[in-house]
Chemist: 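One structure follows; several queries about it will come next.
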Amino acid sequence: MKIQIINGPNLNLLGQREPGIYGSETMEACLSELRTKYPDVTIDYYQSNVEGELINKMQEVGFFQPCDGIVLNAGAYTHTSVALHDCIRSLRCPVIEVHISNVHQREEFRHRSMISAACKGVICGFGLDSYRLAVEALVK
């Protein structure tokens, strides 16, 4: 099984950016834990601050060279991107939307997701453990 984790804008700063919201663990540590917990699953990682690059990567792994699932934390693009929504709908694999924080406990503009309706499911509010929950959902 192959799963692609894709992170959007500012998530390259995990472990440093607003630790009160996002915690102090790095994405590298999270990936190491996931790969140890799921040794039979190939877990690839990609991060970009650029919307078009996220779309290119999702099309690559979800359409042209299909993987078994995508875990997507689109960051702030979650709340603004019809382009990501349309891309997700075109893919041949399921996409799980993930958020580290509980977006519903934050600013009102974060309460609406433009991509949720295109995703298989949504996981939010469990810190970096949200990624494990998404991988587990795809594995099952």
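Position 1 is the first residue of the sequence, and the numbers go up from there. As the structure is a computational prediction, the values presented were derived from the model and not from experiment.
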Chemist: Quick check: closest heavy atoms across Cys67 and Cys93, and the distance to 0.1 Å?
Modeler: O-CB, 3.4 Å

Chemist: So, for Cys124 and Ser101, which heavy atoms are closest and what is the spacing to 0.1 Å?
Modeler: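 In this case the closest contact between Cys124 and Ser101 is CB-O, 3.6 Å.
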
Chemist: Any non-hydrogen side-chain atom of Glu60 less than 4.5 Å from a side-chain atom of Met58?
Modeler: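 No, their side chains stay 4.5 Å or more apart.
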
Chemist: Grouping I, L, V, M, F, W and Y whenever their side-chain heavy atoms are under 4.5 Å apart, do Leu34 and Leu11 come out in a common cluster?
Modeler: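 Leu34 and Leu11: one cluster.
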
Chemist: Please name the pair of heavy atoms, one in Asn49 and one in Gly8, separated by the smallest distance, quoted to 0.1 Å.
Modeler: OD1-O, 4.2 Å

Chemist: Go through it in stages, so that I can follow the logic: the residues are Ile3 and Tyr38, the test is side chain to side chain contact (heavy atoms under 4.5 Å, CB included), and I'd like the CA-CA distance, side-chain angles, deciding distance and then a yes or no.
Modeler: CA-CA 11 Å; Ile3 294 174; Tyr38 300 98; over 6 Å; no

Chemist: Provide the closest heavy-atom pair for Leu84 versus Ala74 in the form atom of the first, atom of the second, distance.
Modeler: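 Shortest heavy-atom contact: CD1-CB, 3.9 Å.
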
Chemist: Out of the candidates Ile70, Leu128, Val71, only one should pair with Val98 under the side-chain contact (heavy atoms from CB on, under 4.5 Å) rule; please name it.
Modeler: Val71

Chemist: State whether a side-chain donor-acceptor pair under 3.5 Å links Ser90 with Gln59.
Modeler: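 Side-chain D/A pair, Ser90 to Gln59: absent.
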
Chemist: Under 3.5 Å, side chain of Ser130 to main-chain N/O of Gly127, donor-acceptor pair present?
Modeler: yes

Chemist: Any chance you could measure Lys120, atom NZ, to Ile88, atom CD1, to the nearest 0.5 Å?
Modeler: 14.0 Å

Chemist: So does Ser113 get a backbone contact from the side chain of His79, meaning a donor-acceptor N/O pair under 3.5 Å?
Modeler: no

Chemist: Between Asn7 and Gln47, is there a donor-acceptor pair closer than 3.5 Å when you use the side chain of the first and the backbone of the second?
Modeler: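 Side chain of Asn7 to backbone of Gln47, a donor-acceptor pair under 3.5 Å: no, none is there.
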
Chemist: As a quick check of understanding, evaluate side chain to side chain contact (heavy atoms under 4.5 Å, CB included) for Phe126 and Leu133, giving each step before the final call.
Modeler: CA-CA 9 Å; Phe126 295 98; Leu133 294 168; 3.8 Å; yes

Chemist: So, taking the atom named CG in Leu91 and the one named CD in Gln4, what distance separates them when rounded to the nearest 0.5 Å?
Modeler: 11.5 Å

Chemist: Assigning hydrophobic clusters by single linkage (Ile, Leu, Val, Met, Phe, Trp, Tyr; side-chain heavy-atom cutoff under 4.5 Å), is Val61 placed with Ile55?
Modeler: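 Cluster IDs for Val61 and Ile55 match.
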
Chemist: Return the CD1 to OH distance between Ile6 and Tyr46, rounded to the nearest 0.5 Å.
Modeler: 8.0 Å

Chemist: So Leu31 and Met27, do their side chains get closer than 4.5 Å, heavy atoms only?
Modeler: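 Heavy-atom side-chain distance check passes, below 4.5 Å.
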
Chemist: Starting at CG of Leu54, measure out to OG of Ser81 and round the result to the nearest 0.5 Å.
Modeler: 8.5 Å

Chemist: Show, in sequence, the C-alpha distance, side-chain angles and deciding distance for Lys2 and Val41, and conclude whether the side chain to side chain contact (heavy atoms under 4.5 Å, CB included) test is met.
Modeler: CA-CA 6 Å; Lys2 182 176 179 178; Val41 178; over 6 Å; no

Chemist: Is the shortest distance from a Lys or Arg side-chain nitrogen in Glu53 or Lys57 to a carboxylate oxygen in the other one below 4.0 Å?
Modeler: no

Chemist: So which heavy atom on Cys30 is nearest to which on Glu25, and how close?
Modeler: N-OE2, 3.4 Å

Chemist: For Met114 and His85, which heavy atoms make the closest approach, and how far apart are they?
Modeler: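 Closest heavy-atom pair between Met114 and His85: O-ND1, 3.0 Å.
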
Chemist: Starting at CD1 of Ile123, measure out to CG of Asn102 and round the result to the nearest 0.5 Å.
Modeler: 13.0 Å

Chemist: Donor-acceptor pair, distance only, cut-off 3.5 Å: does the side chain of Ser32 make one with the backbone of Glu28?
Modeler: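 Not confirmed, Ser32 side chain does not pair with Glu28 backbone.
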
Chemist: Do Thr42 and Met1 have side-chain heavy atoms sitting under 4.5 Å apart?
Modeler: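 The answer is no; the side chains never approach within 4.5 Å.
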
Chemist: How long is the straight-line distance from OH of Tyr131 back to CG of Leu72, given to the nearest 0.5 Å?
Modeler: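 Rounded to the nearest 0.5 Å, the CG-OH separation comes to 9.0 Å.
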
Chemist: With clusters defined by side-chain heavy atoms of hydrophobic residues (ILVMFWY) lying less than 4.5 Å apart, directly or transitively, does Ile100 cluster with Leu13?
Modeler: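 Different clusters.
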
Chemist: Set out, in order, the CA-CA distance, both residues' side-chain angles and the distance that settles side chain to side chain contact (heavy atoms under 4.5 Å, CB included) for Leu138 and Ile96, then state yes or no.
Modeler: CA-CA 8 Å; Leu138 289 169; Ile96 306 288; 3.9 Å; yes

Chemist: Run the numbers on Glu33 and Lys37 for salt bridge (charged side-chain N to carboxylate O under 4.0 Å, His left out), then give the verdict.
Modeler: CA-CA 6 Å; Glu33 290 173 23; Lys37 183 166 181 66; over 6 Å; no

Chemist: Less than 4.0 angstrom from a charged side-chain N to a carboxylate O is my criterion; do Arg132 and Asp129 meet it?
Modeler: yes

